[in-house]
Engineer: 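What follows is a single structure, and I will ask about it in a moment.
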Amino acid sequence: MLKKIEKTLKQYWGYDEFRPLQKEAMLSAISGRDSLVVLPTGGGKSLCFQVPAMSLDGITLVISPLISLMKDQVDGLVDCGVPAARLDSTVSPEDRTAIYRQAFAGELKLLYLSPERLMSKGFTDFISDLNITMVAVDEAHCVSMWGHDFRPEYRQLGRLKQIFGAIPIHAYTATATGQVRDDIAKQLKLDKPEILVGSFDRPNLFYRIMQRENRMKQLKEIIDRHEGESGIIYCIKRSDTEQVAKSLNKEGYKALPYHAGLTDEKRRKHQDAFIKEKTDIIVATIAFGMGIDKSNVRYVIHCGMPKSLENYQQESGRAGRDGLNSECVLLYSPGDFALWKSIMQDMPTEALKISEGKLSYMYSFCTGATCRHQAILNYFDQKLENDNCQACDICLDEVEQVEDALIVAQKIISCVARLNQSFGSNYTAEVLTGSNNMRLIMNRHQELSTYGLMAEHKQPTIRNWIEQLVGQDYLAKVGEYHVLAITKSGWEVLRGNITPRLLKASEKTKDTKSKAKPKAHLNDLSSGQIELFEILRQIRREIADKKGIPAYLIFNDATLHDMAYQMPIDDEQLLQIHGVGVQKKSKYGKKFIKAIIKFKESQ
Ligand code: ADP
């Protein structure tokens, strides 16, 4: 069976190797046992059921929460020569009849459906006559209230077992928390499922986190490293998405906003423009993302801190699905913390407690000085194999550390002690810099021994260090007024037993472009090859425009990279390229080969 799977993977998708856990997930799908597969975004979950569906008799039903997601996947499959179809509200009655006929005739291998359709009475009658091999539930976390994307209509899937009896059910998700995982198995009533959980590390994502100082300047610096490439900018507020998009357009960038306040039509238009590469940048709230399978998003910037690390992992994870190196930058400010707190205010007590806990963790992640990859994995109870990820600002030493961190921390913490742990970070920073603020004078705090002790630093710098100390649990913010208190480990710092890690407030701005380049194993391109890559991209765009489908569905960036590097000049060589299957070779091969030959001759 493994041989058959490998052959199918090569023939239809043009891939020679499995991604981690794909082989196990495919074998599990074939074994006839239920399964739950947890892989990060871009881990290649779709293939885990698509390849087995092609290798087995009968039809596989795929449940998917969004029409756009189904459309993309089905378009992509048909383009690879896989007989697939979808039944959703946008399919005309005539097409629906044709799909039913194909399904009965055994001409379809994969049928995509929304949960509502699957559960509708007429439909359950219809499928009782089909030869169903398995049911795949995509984005399975939507069934769980604990997840970040709960969809009430997914709850109906609890009846799947009742309807389908012995037919195996396979659930797929990128949500890594154990609580959601257990809930999926429970809600779907999976029968002794094989549970496969992959590593949540995304080594091709390069993380950078910095304080937001001059938003537009910082944004432009990042975007300029990715000229002509696709990127997502996330903002917390709708008004910010509009503002940022407007300012970027004014400066000559191609950006469109996206948020729940726009009309359905506008949202669809903007999303389409991004997917079809008519615009480079989408500036969005978290309303944007689910159902976006665009594999060549080269950067994701957060203009504000997300409310949890799960959210950050999901949103930043939309970069680099094709495995090429991509950049994720998070611009945060202490104000984001307060903003989220005020947004959360009306939550029921229990939910508020959970959300506040997640928010604090997120803030510690921003202010922390540990490897970003490691910190994300820690959150999901996983570990990084190497000490140095080689793909974050901390491990690559882009962020300078304070040399005398112990002394700096001791000065700050002792000032908090002298203020009887009764003041917030602004006030503490004022005392340390020796401010003449009236309130301070009235409190006679200029008489403290720590008054002016750090006069050589600016107040924002000290406030930043305070945040870092809070993030590392040496100080805590307590009560309604966020008064600073010294934790147990904070007292250890005062005694000199622990040295905190403190980052310099203004980070070094190195030339980081080189680090955002494609992965070495996908071959670094020479300048000539980059020129060819651009030509191939143009051809891809023309084909996509003509067909009205997203460019990355024709060939993804990794495939074009490999083509630009290998420069195949005949069918046989083209089939050796990563991501070129038999059908795509026949459909598009000629145009690409012609361009490559022409390019070679011109050299
Ligand atoms: P997920 O659903 O887990 O986010 P996808 O199934 O959308 O990921 O896959 C992401 C990208 O990786 C797609 O472009 C897909 O074709 C590609 N991919 C999947 N499996 C492999 C593989 N074994 N080798 C190379 N590319 C792969």
Side-chain angles (χ1 to χ4, degrees), residues 2 5-26 29 36-54 62 64-66 68-77 79-80 82 84 110 112 136-142 149 170-176 196-202 204-205 230 275 289-298 300 313-324 326 518-519 521-522 540 549-562 576-581 583-584:
L2 182 61
I5 291 177
E6 283 171 340
K7 198 170 153 232
T8 308
L9 186 69
K10 179 71 188 161
Q11 182 180 345
Y12 291 92
W13 284 271
Y15 298 142
D16 297 300
E17 286 169 13
F18 295 107
R19 291 222 174 124
L21 276 194
Q22 267 185 335
K23 186 170 79 186
E24 291 76 359
M26 289 180 197
L36 169 58
V37 177
V38 190
L39 283 176
T41 311
K45 285 182 287 299
S46 328
L47 262 68
C48 294
F49 55 85
Q50 291 167 348
V51 175
M54 279 306 281
V62 185
S64 178
L66 287 181
S68 59
L69 201 67
M70 288 191 225
K71 187 172 177 323
D72 255 24
Q73 291 214 3
V74 171
D75 286 351
L77 286 169
D79 214 31
C80 290
V82 175
L110 289 128
Y112 281 68
V137 182
D138 205 3
E139 311 284 357
H141 56 276
C142 293
D149 257 330
H170 304 288
Y172 302 86
T173 179
T175 305
L196 296 166
V197 182
S199 164
F200 275 78
D201 191 35
R202 299 278 310 275
N204 64 318
L205 299 190
S230 297
I275 288 176
M290 176 114 109
I292 307 297
D293 266 359
K294 188 168 161 60
S295 62
N296 61 345
V297 173
R298 290 277 75 87
V300 172
Q313 194 243 4
Q314 285 278 330
E315 288 150 24
S316 60
R318 298 196 169 114
R321 276 166 180 255
D322 52 14
L324 295 184
S326 306
K519 254 183 141 171
H521 82 261
L522 284 160
R540 179 179 67 173
I549 63 171
Y552 62 88
L553 285 186
I554 308 281
F555 285 130
N556 69 23
D557 278 10
T559 301
L560 295 194
H561 261 260
D562 203 25
Q576 299 309 311
I577 299 295
H578 171 93
V580 181
Q583 166 122 342
K584 287 198 175 175

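Note that the numbering runs from 1 along the sequence shown for the chain. When reading the values below, keep in mind they use all heavy atoms of this one structure, side chains included, and skip hydrogens, waters and symmetry mates. Numbering of ligands and ligand atoms starts at 1, following listing order.
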Engineer: So, K584 side chain and I554 main chain: donor-acceptor pair closer than 3.5 Å or not?
Structural biologist: yes
Engineer: If you measure from CD on E17 to NE2 on H578, what distance do you get to the nearest 0.5 Å?
Structural biologist: 9.0 Å
Engineer: Side chain of K294, backbone of A319: donor and acceptor closer than 3.5 Å?
Structural biologist: no
Engineer: At what distance is the nearest protein heavy atom to atom 16 (O) of ligand 1, and which residue and atom is it?
Structural biologist: Y15 OH, 2.8 Å
Engineer: Go through ligand 1 atom by atom and flag the ones less than 4.0 Å from a non-hydrogen atom of H578.
Structural biologist: 25 (C)
Engineer: Starting from atom 20 (N) of ligand 1, which protein heavy atom do you reach first, and at what distance in Å?
Structural biologist: Q22 NE2, 2.9 Å
Engineer: Looking at ligand 1, does A558 have a heavy atom less than 4.0 Å from it?
Structural biologist: no
Engineer: For L47, is the nearest heavy atom under 4.0 Å from an atom of ligand 1?
Structural biologist: yes
Engineer: Less than 4.0 angstrom from a charged side-chain N to a carboxylate O is my criterion; do D557 and R540 meet it?
Structural biologist: yes
Engineer: What's the separation between atom CG in L2 and atom CE in M26, rounded to the nearest 0.5 Å?
Structural biologist: 10.0 Å
Engineer: Please assess V37 against F49 for the test side-chain contact (heavy atoms from CB on, under 4.5 Å), listing each intermediate value before the final yes or no.
Structural biologist: CA-CA 10 Å; V37 177; F49 55 85; over 6 Å; no
Engineer: Just by modelled atom types, is the G44 backbone N or O under 3.5 Å from a matching donor or acceptor in the Q22 side chain?
Structural biologist: yes
Engineer: How close does the nearest protein non-hydrogen atom get to atom 2 (O) of ligand 1, and which residue and atom is it?
Structural biologist: S46 OG, 3.6 Å
Engineer: What atoms of ligand 1 come within less than 4.0 Å of a heavy atom belonging to T41?
Structural biologist: 4 (O)
Engineer: List ligand 1 atoms under 4.0 Å from E17, heavy atoms only on the residue side.
Structural biologist: 22 (C), 23 (N), 24 (N)
Engineer: Nearest protein heavy atom to atom 13 (C) of ligand 1: under 4.0 Å?
Structural biologist: no
Engineer: Distance under 4.0 Å to a non-hydrogen atom of P40: what atoms of ligand 1 satisfy this?
Structural biologist: 3 (O)
Engineer: Test your reading of the structure: does R321 have an N or O sitting under 3.5 Å from an N or O of ligand 1?
Structural biologist: yes
Engineer: Between N556 and T559, is there a side-chain donor-acceptor contact under 3.5 Å, judged purely by atom types and distance?
Structural biologist: yes
Engineer: Nearest 0.5 Å please: distance from the OH atom of Y172 over to the CG atom of L36.
Structural biologist: 9.5 Å
Engineer: May I ask whether N556 places a heavy atom under 4.0 Å from ligand 1?
Structural biologist: yes
Engineer: Which protein heavy atom lies closest to atom 9 (O) of ligand 1, and at what distance to 0.1 Å?
Structural biologist: G44 CA, 3.6 Å
Engineer: For ligand 1, which atoms, with element, lie under 4.0 Å from some heavy atom of G43?
Structural biologist: 3 (O), 8 (O)
Engineer: Could you tell me whether the side chain of R202 and the main chain of G320 form a donor-acceptor pair under 3.5 Å?
Structural biologist: yes
Engineer: Can you tell me which residue and heavy atom of the protein come closest to atom 4 (O) of ligand 1, and the distance to 0.1 Å?
Structural biologist: G42 N, 2.6 Å
